[in-house]
Amino acid sequence: MLAFDPMKAHLYSVRMHASLENRHISGAERLVGKEGVEEAAASLVRRALDHAQGSAESIRLSVDLVDPDQVHFGCLPDVHTFDAPDVESARKKALQLLLLAGVSEDAVRSAMENLVAGAAPGGGNMRGAMLIGHRSGARFEPDRAKGVRARHMDYSPKGRAELDAALCDQGIGGDRLRDALVLAAKVMAAPGVLAELCWSDDPDYTTGYVAAPQLGYNRIAPLKTRGDERGGRAFFIDEDRRQPEALLRYLRHAVFVADSIGRIFPPERFKQ
Ligand code: WAQ
Ligand code: MG
């Protein structure tokens with residue numbers, strides 16, 4: 001295991017962006033101590049070269065020392081997995097969970113309609129997330145093409161090792177789950193965020209999730225039809241306590257390191 005001292009927290013952000021035929025195909029970030037920088041850089045390069053959409057033609061790596069005052073250590077949410085018979089019942093399950101999290105039905109419908117149609121202007125995928133008002137369903141993100149990107153989140157070596165062991169026990173895993181789980185952990189700790197809804201833009205990845213502080217991280221399959229290239233994220237924000245500047249500052253600049261895990265529940269099958 002890499003040396004990592006949470007008390008010192010001199011962390012480097014190691015970021016990778018990869019493209020193929022001038023199109024972005026992969027991006028990821030690791031937060032590591034000085035002694036972990038080389039290994040993190042190598043694993044990110046490997047990821048770009050092994051990408052499902054093809055081996056990257058161009059890979060950009062950047063390494064930056066992080067401001068220690070920005071570093072927060074956090075815990076991962078509990079993980080639940082629900083297997084639904086079809087997309088319609090999976091989306092109903094997502095709706096039920098979001099209602100429990102305090103989001104209105106109108107707001108959920110607005111988010112889902114946007115994700116289905118392509119939330120960026122012209123019907124494409126956004127680079128980041130929509131910000132959706134929890135009652136009205138109105139969109140608040142400053143730029144509808146870019147959306148709001150959460151960045152600077154990763155696991156400590158201890159958090160990663162504990163997660164991998166727990167996921168392995170349940171027969172689940174993968175980079176996608178690990179990335180989405182720590183993103184959701186950071187987003188749930190954001191000021192004014194009530195819940196998150198996500199499904200991938202990867203046509204082959206149909207599992208999505210609903211995350212909320214009281215409900216944990218709920219994986220739901222299939223939230224879309226195989227072959228569908230549309231996907232995205234909605235962060236539902238509390239319209240009564242909207243603090244857009246604090247929220248954007250936190251999502252973009254706070255550094256979130258998951259150092260402990262929640263419970264991982266076995267997959268549940270359900271019929272609607
Ligand atoms: N911040 C905000 N939004 C983002 C970010 C980010 N850092 N990264 C991606 N998005 C948005 C953007 O609109 C993408 O089109 C969309 O999310 C989907 O991104 O098994 O793989 O990386 O538990 O394709 C979820 C289930 C997988 C994992 C999600 O998303 C599991 C996934 P993707
Ligand atoms: Mg994707």
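Note that ligands are numbered from 1 as they come in the structure, with each ligand's atoms numbered from 1 the same way.
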Exercise. With the 4.5 Å side-chain cut-off for hydrophobic clustering, are Y205 and V79 part of the same group?
Worked result: no
Exercise. Is there a side-chain contact between L183 and R233 (heavy atoms, below 4.5 Å)?
Worked result: yes
Seminar exercise, completed: Honestly, for L181 the part within reach of ligand 1 (heavy atoms, under 4.0 Å) is neither
For this session: Determine, using heavy atoms of G128 and all atoms of ligand 1, whether some pair is separated by less than 4.0 Å.
Result: yes
Exercise. Is the backbone N or O of S136 less than 3.5 Å from a side-chain atom of E239, with the two atoms forming a donor-acceptor pair by type?
Worked result: yes
Exercise. Between T225 and D228, does any side-chain donor sit less than 3.5 Å from a side-chain acceptor?
Worked result: no
Exercise. What atom name does the N, O or S atom of D201 nearest to the Mg ion (ligand 2) carry?
Worked result: OD1
For this session: Measure the distances from the heavy atoms of R151 to every atom of ligand 1 and state whether one is below 4.0 angstrom.
Result: no
Exercise. How far is atom 16 (C) of ligand 1 from its nearest protein heavy atom, and which residue and atom is that?
Worked result: G232 CA, 3.5 Å
Problem set entry | Lys/Arg N to Asp/Glu carboxylate O, R46 vs D50, below 4.0 Å | yes
Problem set entry | Part of R149 within contact of ligand 1 (heavy atoms, under 4.0 Å) | both
Problem set entry | SB check D175 R178 (cutoff 4.0 Å) | yes
For this session: List the closest protein heavy-atom neighbour of atom 21 (O) of ligand 1: residue, atom name, distance to the nearest 0.1 Å.
Result: R176 NH1, 2.6 Å
For this session: Using a strict 4.0 Å threshold on nitrogen-to-oxygen distance, state whether R109 and D106 make a salt bridge.
Result: no
Seminar exercise, completed: Among non-hydrogen protein atoms, atom 29 (C) of ligand 1 lies closest to C198 SG, 3.6 Å
Exercise. Between F265 and H80, is the gap from one ring center to the other below 6.0 Å?
Worked result: yes
For this session: Give the atoms of ligand 1, by number and element, whose distance to some non-hydrogen atom of V148 is under 4.0 Å.
Result: 1 (N), 2 (C), 3 (N)
For this session: Kindly determine whether D143 and R149 satisfy salt bridge (charged side-chain N to carboxylate O under 4.0 Å, His left out), including the steps that lead there.
Result: CA-CA 11 Å; D143 180 328; R149 283 190 62 88; over 6 Å; no
Exercise. Which of these passes ring-ring contact (aromatic ring centres under 6.0 Å, His included) with Y209: W199, F82, Y217?
Worked result: Y217
Seminar exercise, completed: Restricting to heavy atoms, the pick from Y209, W199, Y217, F235 nearest atom 28 (C) of ligand 1 would be Y217
For this session: May I ask you to check if any N/O/S atom from D202 comes under 2.8 Å of the Mg ion (ligand 2)?
Result: no
Exercise. Below 4.0 Å from any atom of ligand 1, is there a heavy atom belonging to T81?
Worked result: no
Seminar exercise, completed: atom 1 (N) of ligand 1 has as its nearest protein heavy atom A150 N, 2.9 Å
Problem set entry | Any N/O pair M126/ligand 1 closer than 3.5 Å | yes
For this session: Please write down residue, atom name and distance for the protein heavy atom closest to atom 26 (C) of ligand 1.
Result: T207 O, 3.4 Å
For this session: Could you find the nearest protein heavy atom to atom 15 (O) of ligand 1 and give me its residue, atom name and distance?
Result: D201 OD2, 2.7 Å
Seminar exercise, completed: atom 10 (N) of ligand 1 sits nearest the protein heavy atom R233 NH1, 3.4 Å
For this session: Report yes or no: does K224 contribute a side-chain atom to a donor-acceptor pair with the main-chain N or O of S200 at less than 3.5 Å?
Result: yes
Seminar exercise, completed: Among non-hydrogen protein atoms, atom 27 (C) of ligand 1 lies closest to Y205 CE2, 4.0 Å
